[in-house]
Every structure is written in C-alpha cells, then in structure tokens.
Undergrad: 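Just passing along the structure, written as structure tokens.
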Amino acid sequence: MDKTFEPQSIEQQCYKAWEDAGLFKASGSGDPYCILLPPPNVTGSLHMGHGFQQTIMDALTRYHRMKGDNTLWQVGTDHAGIATQMVVERQLNAEGKTRHDLGREDFIKKVWEWKEHSGGTITGQMRRLGTSPDWSREVFTMDEDLSKAVTEVFVKLHEEGLIYRGKRLVNWDPVLHTAVSDLEVLNEEEDGHMWHMRYPLADGSGELVVATTRPETMLGDTAVAVHPDDERYQSLIGKEIKLPITGRLIPIIADDYVEQDFGTGCVKITPAHDFNDYDMGKRHNLPMINILTDDAKINDDAPEAYRGLDRFDARKQIVADLDAQGVLMKIEPHKLKVPRGDRTGAVIEPYLTDQWYVAVESLAKPAIEAVESGEIRFVPENWNKTYYQWMHNIQDWCISRQLWWGHRIPAWYDENGSVYVGRTEEEVRDKHGLGSDVTLSQDDDVLDTWFSSALWPFATMGWPEETPDLETFVPSSVLVTGFDIIFFWVARMIMMTKKFTGKIPFKDIYITGLIRDENGDKMSKSKGNVLDPIDLIDGIDIESLVTKRTAGMMQPQLAEKIAKRTRKQFPEGIQAYGTDALRFTFAAMASTSRDINFDMARVEGYRNFCNKIWNASRFVLMNTEEHDTGRDGGEMVLSLADRWIWAKFQQTLVEFEKALEDYRFDIAAQTVYEFTWNQFCDWYLELTKPVLNNDASTEAEKRGTRHTLINVLESLLRLLHPLMPFITDTIWQRVVPLSALKVEEGASIMVQTFPEVDAAKQDDNVLADIEWVKKFIVGIRNIRGEMDISPNKPLNALLKNVSDEDARRLDAAKAFLDKLSKLETVTILKDGEQAPASATALVGEMEILIPMAGLIDKDAELARITKAMEKIDKDVSRTRGKLSNDKFVSNAPEAVIEKERAKLEEGEKALAKLKEQFETIQAL
RNA sequence: GCGUCUAUAGCUCAGUUGGUUAGAGCGCUACCUUGACAUGGUAGAGGUCCCCUGUUCGAAUCAGGGUAGACGCACCA
C-alpha cells in the first residue's frame, strides 16, 4: 500500500465493478426501503446541493441495503420544460435562428437530440459521487410510461371536474410568452415612482387625484374606487370620470378594499392588468379592457399613438402626455414589489388568457390531514408549519404553459371551439361521437413541469397499472429534499399520490439545509462563488477554475471581480480531495440548521481522516498479513486493550445507528470520526504494540491481538462504508481474507451485512479499566510535557494510595504502562512509607510520583501544582456553595445531590494531596 | 402585516427532556521526524453562551421583552 491515500486511483474502477455486478438493484427480500431521488433537471449539472442531498440519500440507501432491507433508490431525470427549452433555444439563437424557424415538430426533435447528447451529464456526475441508485430503473419524465400516467391523471381529474379551463388573470412572462404559476413569480422590492394624476369629473364639477405606480395601465382603467366611508369622496360615489387621453367615461365606485390613508385614497381600477383590480372588477361588473399583447406591448385596442410601444416606453410617453395636458400632479419616489419570472427575470404581467387549472382545495384537505395525523413526518418537525400555512391558503394551480417542450395537454377543439378531453384523439371521437368530418386540433399548450413531478412517487412504480412495485414501494421511506421545493413539489406529490393511490407518498420528509459559501452567501454564477463537487473530488488548477467561473459572463467588470476573488481564495487552485472526503464532509455538516456554510477547511480535514484510515489500515495489514490472525482457529488470549476496543466499537455502533435513525448525519459522522481517530488510532493501535513487539508475549496473546486488529478494522470498514464507499471497499478487499468473515472471491463490502451489536462484547468494566490506563499515561505525559522531560527518557514511578482495584489494573496493564509512558520501574509505596520529592499526577485517588532528583525544576513543578490546585479549587468551592444552600439540598433530586457530594469529596481529597505535595517540594 | 429560523472559541459548527469542568474540527503556541500516518504525534492557550427581565435550589437550555441577521407567505393603487 502507498504511504498516502490516493483516491483517484481507486474510485472509478471501484464504481464500475459495483455497477457491472448489478449491486444497486433491490434485493427483493427483506423489509422494503425506498428513497425517491428528486429528479434533477436533464439540463443540469451536479451542484453542491445535489452532492449534499445525494450523499445523504446514498448513505441511507447503503446502510439499509447492508441491514438486509429490500432497498430501492429510484432514479430519474426531469424534462424541466422551461429550463430545457431555453437551453436549446439559446443554441438556436446562436445560429441566428428561433424555434419558430424550425416549427414545433422539428424543435421538439432537436430538444430530444440535445437530451440524448447532453442529458447524461448529471447521472455521470452522480456516479462520480459514488451514489448507488438502481440505474436499470432510470426514468425520464417524458418517457412513454410516465407520459401515460400524466395523461391518465389529467383525464381523471378533468372527469371529476378538478381540472378546468377558464379565462382568468394569470402571471404572464412576456419573454417566454407563457403563463407561469404563482410560485414561479418572485417579488422583490425595487425603487419606483408613484405618479399622482388628476382625473376630471365628467360633469366638469371637479376632479379626483389618483396615485399609481403604473400610469400606462390607465389606458385600461374602467373605474376609480374610493372607500365607502371616506368622507372626502362621499358625494362623488356614483358619478363619472372622464379618463384623460382616452376620453372614456368611467364610474366612481365604492369598495372597502381601498385604504383611505394610502396615496390619495382614490384608486384607479384596471381589472385586466392587476389582480386586486380584477377581483374588484368582478365584484362591480366592470368591463375588462386588455391593453397589452403577448410580449407586453400596447395593443390595438389602445389609442393609436401608443400602439406597439413596449409597456415601459408607453409609460414614459403617457407620463409625458399627461404632463403636457396638465393632468400630472406630482411624482414621488416609491418602493414597490416588482414581480419577476424566476427563470427570465422579466417583469411579470397580469394578463387575461385562457388557461387550464387544477382545483386544489379538495386535494389539499387529505394532504393536510396526512401531516396533521403524523402519518407523514417532517424532519425537522417545524417545517410542517410552513407546509400548513401554504396549504391552508392554497390557490388553484395554473398548469398550462405556452411552451413546446413538455407533456401536451390531452384536449382537442373542434372548429366551434368546443373542447374535449381524452386520452387520445380516437377516444375523444368515440366518446363524443365525432365523425371524421369533424376537424379536431389538439391544444397547443403543455403542462407545467411540476405536474409530472407531482406523480413521481407512483408513476415511477408503474401506475396506472397495478404493479407489485406500487404495492411494495409506495409509500417510500423518506424524501430527502430542500425546503425551497416544499410547495413546488412535496405538497403536490402528497396531494396527487393520496388522490390516485390512496396512500401517502413517503413517511418521512427530511428537509436539508441549503449549501452556501463560506460567508453564508448563496452560491451563484453571478457571484462567482460556485463550487463544483467534481472539482473538490478531482481538484482543479487555478487557471481552469477562473475560466470556469467567468465563462459566459455578460459583464466584463463582473468577470474581472470574480477572477480576482477566486485567485485570492484559491491561489493554488483546489486540491483533489476525493469522493470519500467530500461525502464525509457533507455528512458532517448535515446538522439541523437551515443554512450550511461550506467550509473548505473541513474537506481538507476529512481528506486527512481518509489518510488516517488508510495508514491505520497499513499498520494493521503490516502486522497481520503473513501472520496467524486466528482465522482458522488456534488458541487466542485477548488483552485488556483488545477487549476494550471491541467494547468501544459496540458503543460507537449503537450511537451511529441512533444518529442515522434521527437523520443526524453530523452526529453519525462525528461518532465514527472520534472512534476511528481518537480511540482506534490514538490508543488501540498503540496498545497493540506492547503485545506484538514483545518477546514475552505468548503466541496466543499475539494471535488474539492480531485477530482483534484485523476484525475490528473489518467491522469498522463496514460501519464507515455508507459514508465513505470507495476507501472502505478498497481496503476491505485486502482485509477480509485475514478476517473471520468468509466471503466469496471478489465479493464487495457494499452487499455485506452491517455490523451488529454484540452484547457479549459490551463490557463496562473493561471500558473503565482502559480509562484508568489512559489517565495514568496522560498523567505521566503531562509531567513530561510541563517539566520538559524528553519522551525518550525512561522514568521510575512510585505509586501511593494504591487501592486493590488500582493494584489489579496495574497488574493487568503493566506492559501498556511501561511501554506507552516509557517507565523503567513502577514501585508501590507501602502505607506510611516516605516518598522522595516528586512530581505528581492523580489517577482517581492514586498518586503517581516521579522522583525529582536530577530531573525536575522545583519552581516549574510548584507552578504546575498550583495551576492544578486552582482549577480544582474553583470547582470545589462552587460545589461546596451549592451543597451549603438549603434550598438546593431540599429541592434537587437525590441523584443530583449525591453526584455533587461525590464531586466535592473527590475534589477535596485531590486538593489535599496536591497541597501535601506542594509542601514537600517547597521544603526542598 | 402573518409566519419561520439564527445568534456559543479567531473561523465553521455541535450542545438531546434545565444539573458537564460548555465541546469538536480548522486556525494558533510550544515541543517531537518514535518503524502506520508531518495529510502525523504530544502538550497547551483561547468563551460576558447577543442584551435585559423573569421562572427555578439551579438557565447556553424554559418564558417574556429587546437588538442584529436570514428566509417564507400575503400585500397599498
């Protein structure tokens, strides 16, 4: 084995071996355990969030697979309507073409070609991450089977009246020329203006002043509203206004939606271009005048002067014209929330169009109940509040999109515009008795991408057929996802799965935090702080990293800033840390907080951890290969240390499994890290040396220690495997032939059983014994450290106050103590026997004395004792204070008081001994 | 406006139902190339647990009120 761990040399071939051997498939036996991969966009590439969540999913999958469950990780990708269409359109644009030049059919063909060619990026990257989903079941949301499920759901919901078509005000993206749902609109506060305009009364008796942030919409005004109780405007209610520019007469109406204190208390009402106005328009039966085109230009229903103007140009023109007419009273700066499309960033326009909707209220109810009843559990639990809040106020879902890439809506129109919904055109014709003389044309629109995503839990299991998979893997065990898609996806899956299978889609919803950069900023291309998980695995030189981060930047200044920042942060580029280190980092950072600041230093730390495992394994192999490890029997005597490491391992195993149970991957990671580094490496490996490198050891003792070395390591590798698949399998291949485990040639660790807690190996006494040994050794190290005595200098130790227990332990651990603290002699002082002036360490009540003659600096030892005394004294006085407080003694539980008493006693004894010691030395 | 979350060592974070000497990693200091590992070892320094008030024998932990920050939903033209 190499001296350092080189992840590059093992990972890819390791993965290939697993995949070729078909190890990712569900076993078909055991309890079902299923995780649904949130299908990433086909356009996508792996980002840190994916890496993080997939690490968790894979750890769970591997763990449950090893536990013997019938484990399925269902994988697939999403067609991501808007995102994908935009990618392909951008390519066309680069060739100077638009999708309209190709036409619908050819364009879609082009998208499929693109998907075949580039769609596999992310699944390739998932393999680099070591994920173990069942690739043989990989699906795409536009596959035939899934499309069938989509159609089926649409038709069924339509039959029940839960999908309907209607002309309503929708969020319109004028760049994409499509409607989008409420969730796809982001409202950001921006600086704008408030224009105050005079609207003259039709009868010439006066005027009203209205305030607006969107003066151009006045072209579509059909009323002015005031509050019914507003004393200022009482007399005007019912009168008419002569709208400037258009000259139309519009009524003054009263509606208590109007806030008297805001603006002037008069609101212009434009029902076709504002959601609130739309509602008011319906209440008052106002006409709805649409003044815009699909791309948000002024349409031909407006006065000629403005036709064809972009809405923002029209705004300028209208403001200028109003001003010229003396109608514009004032302009104030004003902050307002501007709705923008989440994909395009374009200002969204409320726009009157025909769209398809899902009536969600009746679907929401059982979905709410599923969480309220505890059938579905959010982890951490408080996310259910977010869920309820949205679900209780849920609005009908606009599902039609005026795009080409997606599931086409299964609705057909005849020449009269009547609409027929069915699975196919033939079905529609049969059902409605439409002969071949009737021309039918299919609806041009496609469905919102999230519509098919909502069916993921059952559509991937073969629905609408009644399949065994549906029976076995619905509900799935846990959904691992981010809080950003609770509404988009999680809630909708619950609604649809409940509706169509009667079952919940998953039992637990583990909501992960969002990965941010080291400063807590969101990682984004424009900030130039994006990390690519693959770069952390393979490493990347600084030039390539800068190029990557600044590629395709529209603004050169921004690119420069990003380059500078990147060079500063990574002067040497990024090292290759390997997949296992990255995965372990993700796991270790998975605490309950909602934001996770990604700290590169931690990856480095865990890379070092990998190296530690590697070298510990080297040590173990060096001492076991070509030796008798007791694999085939032979007498074995286990040392105290051997029994201790087994006991410690049992503890670790219990803690680890508990942590996974609670989805606390940070605790799980910490637990195994602590065991591996601080117990196994720091102590156990050192404690084997006195046995193995000692001529006095019997063959049975050596065999026992070798056996323990190799088998604890073997078990530890299996324990670590869910988090660090590559390094564990690689080492395990070397280790297993020496271990007690009998497996076939070429077997992989990933399908072995997970270690099981062995009650026979749990041993509190042995744990306490080694704690005593550690205290002893650390005590001597302390003296050496602070007295500046070389670790190589052999010492003679005297022991005072030695109890029977101490004597027993001393006897059992003599070899360990001699070797690890380099002791030449250890002498037990008899009661009352005078000790020479010595440096002291305490192990419980036993004193270790290192005679000072020729060794120790008197002042240094006095200082050392003083320091120790101060520390203990502080504690003792606090404890004494507590115990002398009557209220504490009468109110606190007996166990707590007892603990304090014991602490006090122990502290006082220690203090007394140190004091005595201090005096002895001082007297020198 | 409604709701959620966060504040602990220089940095990134743990801290389970109130009872610890408040922990870890990284960083820092000193010493050490000892035959697994310098991507290492040994020892060590470092904290007003954001502030105030309360509950309690006892508060980082519970309650109330602040301060600072993050986020979600709704929204005033």
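To find a chain, count down the sequence lines: A is the first, B the second, and so on, and within it residues start at 1. All values below were derived from every heavy atom in this structure, side-chain atoms included, with hydrogens, water molecules and symmetry-related copies excluded. Since we're looking at a predicted model, the values are computed, not measured.
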Undergrad: Which part of the nucleic acid does A:N782 contact within heavy-atom distance under 4.0 Å: base, sugar-phosphate only, or nothing?
TA: sugar-phosphate
Undergrad: Using the P atoms only, state how far B:U17 lies from B:A60, rounded to an integer number of Å.
TA: 15 Å
Undergrad: What's the closest nucleotide to the A:K899 side chain, out of B:G19, B:A77, B:A36?
TA: B:G19
Undergrad: Rounding to a whole Å, what distance do you find between A:N885:CG and B:U56:P?
TA: 14 Å
Undergrad: Mind checking A:R784 for me? I need base, sugar-phosphate or nothing, with any heavy atom below 4.0 Å counting as a touch.
TA: nothing
Undergrad: Quantified in whole Å, what is the P atom distance between nucleotide B:G10 and nucleotide B:C71?
TA: 26 Å
Undergrad: Provide, to the nearest angstrom, the distance between the CG atom belonging to A:D666 and the P atom belonging to B:C13.
TA: 12 Å
Undergrad: Pairing of RNA chain B as dot-bracket, 5' to 3': ( ) intra-strand, [ ] crossing, | other strand, . unpaired, with Watson-Crick or G-U pairs under 3.5 Å?
TA: (((((((..((((.....[...)))).(((((.......))))).....(((((..]....))))))))))))....
Undergrad: Got A:M600 and A:F570 here, is their nearest side-chain heavy-atom distance under 4.5 Å?
TA: yes
Undergrad: Taking only the C1' atom of each, what is the distance from B:U48 to B:A43 in whole angstrom?
TA: 28 Å
Undergrad: Describe the nucleic acid contact of A:V620 in one word from base, sugar-phosphate, nothing, applying a heavy-atom distance below 4.0 Å.
TA: nothing
Undergrad: Given A:Y673, which partner from the list A:F680, A:F656, A:Y606 fulfils the ring-ring contact (aromatic ring centres under 6.0 Å, His included) test?
TA: A:Y606
Undergrad: Using heavy-atom distances to pick each residue's nearest nucleotide on RNA chain B, tell me which of A:Q395 and A:E900 is more 5'.
TA: A:E900
Undergrad: Could you tell me whether the side chain of A:E184 and the main chain of A:S181 form a donor-acceptor pair under 3.5 Å?
TA: yes
Undergrad: Atom CG of A:D484 to atom P of B:C71: distance rounded to whole Å?
TA: 13 Å
Undergrad: Of the nucleotides B:C57, B:A77, B:A36, which one has an atom closest to the side chain of A:C681?
TA: B:A36
Undergrad: Which whole-number value in Å describes the distance from A:D662 CG to B:U17 P?
TA: 12 Å
Undergrad: How far, in whole Å, is B:C57 from B:G15 if one measures between their P atoms?
TA: 29 Å
Undergrad: From the list B:U20, B:G15, B:A77, which nucleotide is the closest neighbour of the side chain of A:R664?
TA: B:G15
Undergrad: Is any side-chain heavy atom of A:V379 closer than 4.5 Å to a side-chain heavy atom of A:T592?
TA: no
Undergrad: Assess, by modelled atom type and distance only, whether the side chains of A:D279 and A:Y257 contain a donor and an acceptor separated by less than 3.5 Å.
TA: no
Undergrad: Using atom C1' in both nucleotides, what's the gap between B:A9 and B:A14 to the nearest angstrom?
TA: 13 Å
Undergrad: Please determine, by modelled atom types, if A:Q389 and A:T386 share a side-chain donor-acceptor pair under 3.5 angstrom.
TA: no
Undergrad: Without decimals, in angstroms, what is the distance between A:N694 CG and B:G35 P?
TA: 18 Å
Undergrad: Checking A:H227 against A:D255: is there a side-chain donor and acceptor pair closer than 3.5 Å?
TA: no
Undergrad: For B:A77 and A:H334 - does any side-chain N or O of the residue sit under 4.0 Å from the phosphate oxygens OP1/OP2?
TA: yes
Undergrad: What I'd like to find out is whether the side chain of A:F609 reaches to under 4.5 Å of the side chain of A:D580, using heavy atoms alone.
TA: no
Undergrad: Any donor-acceptor pair under 3.5 Å linking the side-chain atoms of A:E332 with those of A:H196?
TA: yes
Undergrad: Write down the distance separating the C1' atoms in B:U42 and B:U34, rounded off to the nearest Å.
TA: 11 Å
Undergrad: Polar-atom pairs under 3.5 Å, protein N or O versus N or O of nucleotides 3-6 of chain B: list them with distances, or write none.
TA:
unit_1, atom_1, unit_2, atom_2, d
B:U4, O2', A:R594, NH2, 3.0
B:C5, O4', A:R594, NH2, 3.4

Undergrad: Answer with yes or no whether the side chains of A:D182 and A:N171 bring together a donor and an acceptor at under 3.5 Å.
TA: yes
Undergrad: Take atom P in B:G3 and the same atom in B:G64, then report the distance between them in whole Å.
TA: 13 Å
Undergrad: Tell me which nucleotide among B:C13, B:A36, B:A14 gets nearest to the side chain of A:Q670.
TA: B:A14
Undergrad: Look at the side chain of A:F888 and decide which nucleotide, out of B:A70, B:A36, B:C57, has an atom nearest to it.
TA: B:C57
Undergrad: If we ignore angles and hydrogens, is there a donor and acceptor under 3.5 Å between the side chains of A:T217 and A:K268?
TA: yes
Undergrad: At under 4.0 Å, does any side-chain N or O of A:N393 touch on OP1 or OP2 of B:A74?
TA: no
Undergrad: Go through A:E625 and A:R706 one step at a time and tell me if the salt bridge (Lys or Arg N to Asp or Glu O under 4.0 Å) criterion holds.
TA: CA-CA 10 Å; A:E625 275 178 331; A:R706 286 192 203 110; over 6 Å; no
Undergrad: Do A:Q575 and A:R607 pair up side chain to side chain, a donor and an acceptor below 3.5 Å, judged on atom types alone?
TA: yes
Undergrad: Quiz question: by atom type and distance under 3.5 Å, do the side chains of A:T270 and A:D221 form a donor-acceptor pair?
TA: yes
Undergrad: For the P atoms, the ones on B:A70 and on B:C52, what distance do you get once it is rounded to whole angstrom?
TA: 24 Å
Undergrad: What is the nucleic acid contact for A:L685, judged by heavy atoms within less than 4.0 Å: base, sugar-phosphate only, or nothing?
TA: base
Undergrad: Round to a whole Å and report the spacing from CG of A:D595 to P of B:A7.
TA: 11 Å
Undergrad: Which is more 5' along RNA chain B, the nucleotide nearest A:F487 or the one nearest A:D274? Just name the residue.
TA: A:F487
Undergrad: Could you run through nucleotides 37-42 of chain B and give me one letter per nucleotide, 5' to 3': B if any protein heavy atom sits under 4.0 Å from the base, S if only the sugar-phosphate is that close, - if neither?
TA: BSBSSS
